Amino acid sequence: MIIGEATPVPSVVDVHGLRCFFTSYQPSLSLIFFVYTTTLVLILLRLKHEMSATVHYPTRFSDALVDHCKSGHVPPEVFCDVAKQVPTLPRYVRMHPSVVSSFQAAKSDVSHLVAEMIEWLSRELDVPSTAIHYVEWSLSYWCFAVPRSTSLSDKAAYKRGDIVPMDVASVAAVMALSPCEGDVVLDVCCAPAMKLCTIADRVGQSGLVVGVDLSTDRLFTARSLVARHGASSTTGSSSVLFSGDGCTFDMKKGLETFDPLSERVKVKSNGLTANEERRLGKKRSRKGSSVGTPGTETCSPVYAPLTGRETLKQRCASLPLFDHVLVDAECTHDGSIAHLDLGEAGTAGHAGIGNTHRTLHINVNNDNTDNPVKAIPDLQLQLLLNGYAQLKNGGTLVYATCSFSFLQNEKVLVRFLQTEHGTSHPEVIPAFASCSGEGQHHLVSLQSRLNACHDHYSIVSNGLREMGRTDLLEDMKKGLLGSRFYPCVFQTSFQYIVKIRKVPVE
């Protein structure tokens with residue numbers, strides 16, 4: 001029988017005739033079923049397309065921020081998905097090393113150690129232990145997810161500094177950097193110093209982390225956090241903070257800002273002499289604002305304990321100084337859930353400045369240019385170039401932002417790689433698969449997940465096509481254009497991370 005040929009309908013419908021009718025008509029019914037299902041699929045795809053076409057950017061986004069998102073190939077669906085995700089996202093805490101040590105003294109098995117920590121957190125935070133989860137890939141950084149509604153600021157464990165509220169995606173930037181005991185690390189755009197404190201925990205008393213930031217006000221907050229974080233360990237003494245421009249900062253200029261010390265020169269609890277403190281105050285009042293202008297800022301110490309000064313003097317005999325550099329670049333923060341108001345209760349912000357205000361005033365402007373969309377990526381490129389210049393041969397640099405924008409992430413990286421670097425060349429390596437040590441299989445698995453979702457929403461592929469660099473699409477799939485922590489995949493705030501090794505030219 002030919003498919004589609006008409007089949008006579010029996011005049012009398014009995015059981016035998018009905019069975020024969022359907023048996024003889026079976027090929028035509030198959031064709032009808034195929035056409036029906038195909039049409040249904042096409043209708044559903046059309047509906048999905050029409051629904052996506054009606055998705056808009058959040059109403060609280062300024063016109064400048066919307067223009068920025070469009071230029072950076074960030075579609076409105078990104079924020080729609082984040083808004084849906086926010087109510088179920090956990091918040092994260094990192095255990096202070098001094099607390100971890102007390103547990104490790106009693107337990108050696110990791111599973112038992114995690115169980116004991118969860119029970120301790122349950123008691124301290126008044127949260128059921130079943131609602132607390134260890135982030136396996138955080139390994140020895142000991143990060144735990146707790147319910148989003150958990151209040152931390154009123155808990156004794158927080159006030160003692162035993163736990164550090166910090167999104168695990170931010171911790172991941174430090175993990176990619178892989179600082180070790182005794183290393184000297186530079187943190188560019190360091191305020192408010194959450195990542196800096198995490199680095200300081202890793203380098204220990206024998207190492208040093210130097211932080212630099214343009215905002216004096218934010219640095220004052222940072223030095224309070226650094227001092228508080230180090231109160232129960234030696235961490236505070238392994239950190240030095242400078243007010244200055246990350247685009248031009250170098251350690252030699254930083255050392256020149258220190259006053260000579262003698263037995264007759266008194267220093268304050270923050271490590272500064274009275275004269276250094278006075279100069280810092282004048283600098284702050286002279287600017288008339290808390291943030292200086294990039295390219296014009298002089299350098300001033302903000303926090304400099306005696307041990308930090310001594311370590312700098314000893315290590316600065318050979319420059320470049322730094323084993324690792326973190327460029328936690330100034331960005332628009334459009335991927336930071338803490339900064340956004342997406343119209344959901346979960347993004348309402350804390351006491352003080354609310355997220356509606358933050359969203360309306362996200363920094364897409366820069367004094368150096370009338371074009372705000374181009375200004376920030378140019379600033380980020382200069383921060384990255386100077387951070388790389390401070391790095392030792394063989395050292396590693398991590399560039400990180402909390403913006404979804406292709407302009408601020410992969411495009412900055414491509415522009416950086418196209419720049420001449422003299423006696424070295426930068427080599428991009430997968431941020432986590434390149435890490436070694438215990439638990440490496442967790443990091444390899446994490447890198448695989450990051451590679452699989454890197455082009456969510458086609459942000460990166462669309463950006464590469466616009467640049468005419470489709471040759472880099474394969475590198476993107478291998479983690480060689482960086483890694484993106486999407487909230488809908490990793491249950492974190494957004495973070496872009498790329499790792500670069502400085503290789504000497506032979």
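Below, all heavy atoms of this structure are taken into account, side chains as well, without hydrogens, waters or symmetry copies. Source: prediction; values computed, not measured.
Taking both residues in full, the closest heavy atoms of Cys316 and Leu255 are given as SG-CD1, 3.3 Å, listed atom of the first, atom of the second, then distance. Between Val212 and Leu186, the shortest heavy-atom contact is CG1-CD1, 4.3 Å. Of all heavy-atom pairs between Thr492 and Ile337, the closest is O-CD1, 4.1 Å. Summarising the geometry of Trp142 relative to Val100, their closest heavy-atom pair is NE1-CG1, 3.4 Å, with the distance given to 0.1 Å. Across every non-hydrogen atom of Asp245 and Leu214, the tightest pair is CA-CD1, 3.9 Å. Of all heavy-atom pairs spanning Arg228 and Gly161, the tightest one is NH2-N, 4.0 Å.
In this pair, Phe249 and Phe242 present their aromatic rings tilted. The plane angle is within the 30 to 60° band. Using the six-membered ring where Trp is involved, Phe485 and Phe432 have ring planes that are perpendicular, over 60° apart on the 30 and 60° scheme.
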**Item:** Trace of the side chain to side chain contact (heavy atoms under 4.5 Å, CB included) decision for Leu196 with Ser239
**Value:** CA-CA 8 Å; Leu196 185 142; Ser239 306; 3.8 Å; yes
**Request:** Test Val164 against Cys197 for side chain to side chain contact (heavy atoms under 4.5 Å, CB included), laying out the working first.
**Result:** CA-CA 10 Å; Val164 181; Cys197 288; over 6 Å; no
**Message:** Go through it in stages, so that I can follow the logic: the residues are Val210 and Asp187, the test is side chain to side chain contact (heavy atoms under 4.5 Å, CB included), and I'd like the CA-CA distance, side-chain angles, deciding distance and then a yes or no.
**Reply:** CA-CA 6 Å; Val210 177; Asp187 185 354; over 6 Å; no
**Request:** Starting from the C-alpha separation in whole Å, work towards a yes-or-no answer on side chain to side chain contact (heavy atoms under 4.5 Å, CB included) for Trp120 and Val99.
**Result:** CA-CA 10 Å; Trp120 180 84; Val99 178; 4.2 Å; yes
**Request:** Report the C-alpha distance between Gln447 and His442 in whole Å, list the side-chain angles of each, state the deciding distance to 0.1 Å, and finish with yes or no for side chain to side chain donor-acceptor pair (under 3.5 Å).
**Result:** CA-CA 9 Å; Gln447 188 68 61; His442 288 300; over 6 Å; no
**Prompt:** What do the steps show when you test Glu277 against Lys282 for salt bridge (charged side-chain N to carboxylate O under 4.0 Å, His left out), and what is the final call?
**Reply:** CA-CA 9 Å; Glu277 190 76 60; Lys282 286 182 178 180; over 6 Å; no
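A donor-acceptor contact shorter than 3.5 Å links the side chain of Arg223 to the backbone of Val302. No donor-acceptor distance shorter than 3.5 angstrom exists from the side chain of Asp323 to the backbone of Gly395, with no hydrogens or angles considered. Proximity of a side-chain donor or acceptor of Arg91 to a complementary backbone N or O of Thr150 within less than 3.5 Å is detected. One N or O on the side chain of Asp183 and one on the backbone of Cys180 form a donor-acceptor pair closer than 3.5 Å. A donor-acceptor pair under 3.5 Å links the side-chain atoms of Thr311 to the main chain of Thr307, judged by distance alone. Listed for the Asn409 side chain is a donor-acceptor partner under 3.5 Å among the backbone atoms of Ser405. At least one donor-acceptor pair under 3.5 Å links the side chain of Ser101 to the backbone N or O of Pro97. Counting only distance, with no hydrogens or angles, the side chain of Lys499 and the backbone of Ala176 share a donor-acceptor pair below 3.5 Å. With His333 contributing its side chain and Ser403 its backbone, the two residues share no donor-acceptor pair below 3.5 Å. A donor-acceptor pair is defined here as one N or O able to donate and one able to accept, closer than 3.5 Å; no such pair exists between the side chain of Ser483 and the backbone of Gly479.
Here Met117 contributes atom CE and Met95 contributes atom CE; the two are 5.0 Å apart, rounded to the nearest 0.5 Å. Asp378 contributes atom CG, which lies 10.0 Å from atom SG of Cys247 (distance to the nearest 0.5 angstrom). A distance of 15.0 Å separates CZ in Phe79 from CD in Gln85, rounded to the nearest 0.5 Å. Ile429 CD1 to Arg501 CZ: the interatomic distance, rounded to the nearest 0.5 Å, is 4.0 Å. In this structure, OG in Ser300 is found 11.0 Å from CZ in Phe258, a value given to the nearest 0.5 Å. Once rounded to the nearest 0.5 Å, the distance linking NE2 of His324 with OG1 of Thr396 reads 4.5 Å.
A ring-centre distance under 6.0 Å is found for Phe404 and Phe494. Within the 6.0 Å centre-distance limit, the rings of Phe416 and Tyr388 are counted as a close aromatic pair.
A side-chain N or O of Asp109 and one of Ser111 form a donor-acceptor pair less than 3.5 Å apart. In the model, Gln380 has no side-chain atom that pairs as donor or acceptor with a side-chain atom of Thr401 under 3.5 Å. Inspection of the Asp201 and His96 side chains reveals no N or O donor paired with an N or O acceptor under 3.5 Å. Between the side chains of Ser215 and Asp213, no donor N or O sits under 3.5 Å from an acceptor N or O. Of the N and O atoms on the side chains of Asn386 and Gln390, at least one donor lies less than 3.5 Å from an acceptor on the other residue. Checking His133 against Gln491 by side-chain atom types alone, no donor-acceptor pair falls below 3.5 Å. Inspection of the Gln495 and Asp167 side chains reveals no N or O donor paired with an N or O acceptor under 3.5 Å.
Taking a cutoff of 4.0 Å between a charged side-chain nitrogen and a carboxylate oxygen, Arg279 and Asp259 qualify as a salt bridge. A salt bridge links Glu124 and Arg160; the closest N-O separation between the charged side-chain nitrogens and carboxylate oxygens is under 4.0 Å. The pair Arg309-Glu276 meets the salt-bridge criterion, since a charged nitrogen lies less than 4.0 angstrom from a carboxylate oxygen. In this structure, Asp162 does not pair ionically with Lys155, as no charged nitrogen and carboxylate oxygen lie closer than 4.0 Å.
Side-chain contact between Val146 and Pro90 is absent, with no heavy-atom pair separated by less than 4.5 Å. Counting heavy atoms from C-beta on, the side chains of Val78 and Ile459 come closer than 4.5 Å. Contact of the His454 side chain with the Val460 side chain is registered, since non-hydrogen atoms from C-beta on lie closer than 4.5 Å. The closest side-chain heavy-atom distance from Val398 to Val327 is not below 4.5 Å. Using a 4.5 Å cut-off on side-chain heavy atoms (C-beta onward), Leu326 and Ile199 make contact. Between Val171 and Arg94, the closest side-chain pair of non-hydrogen atoms falls below 4.5 Å. Residues Ser122 and Ile132 have side chains in contact (heavy-atom distance under 4.5 Å, counting atoms from C-beta outward). The closest side-chain heavy-atom distance from Leu280 to Pro301 is not below 4.5 Å.
For Phe220, there are no ring-ring contact (aromatic ring centres under 6.0 Å, His included) partners at least two apart in sequence or on another chain. Residues satisfying the ring-ring contact (aromatic ring centres under 6.0 Å, His included) criterion with Tyr92, sequence neighbours excluded, are absent altogether.
The environment of NZ in Lys411 is sparse: at most 12 heavy-atom neighbours from other residues, nucleotides or ligands sit within 6.0 Å. Residue Asp126 qualifies as open at atom CG: its count of foreign heavy atoms under 6.0 Å is 12 or below.
Pairs engaging residues 144-178 under the ring pair (Phe, Tyr, Trp, His ring centres under 6.0 Å) rule: Tyr134-Phe144 [sequence neighbours left out].
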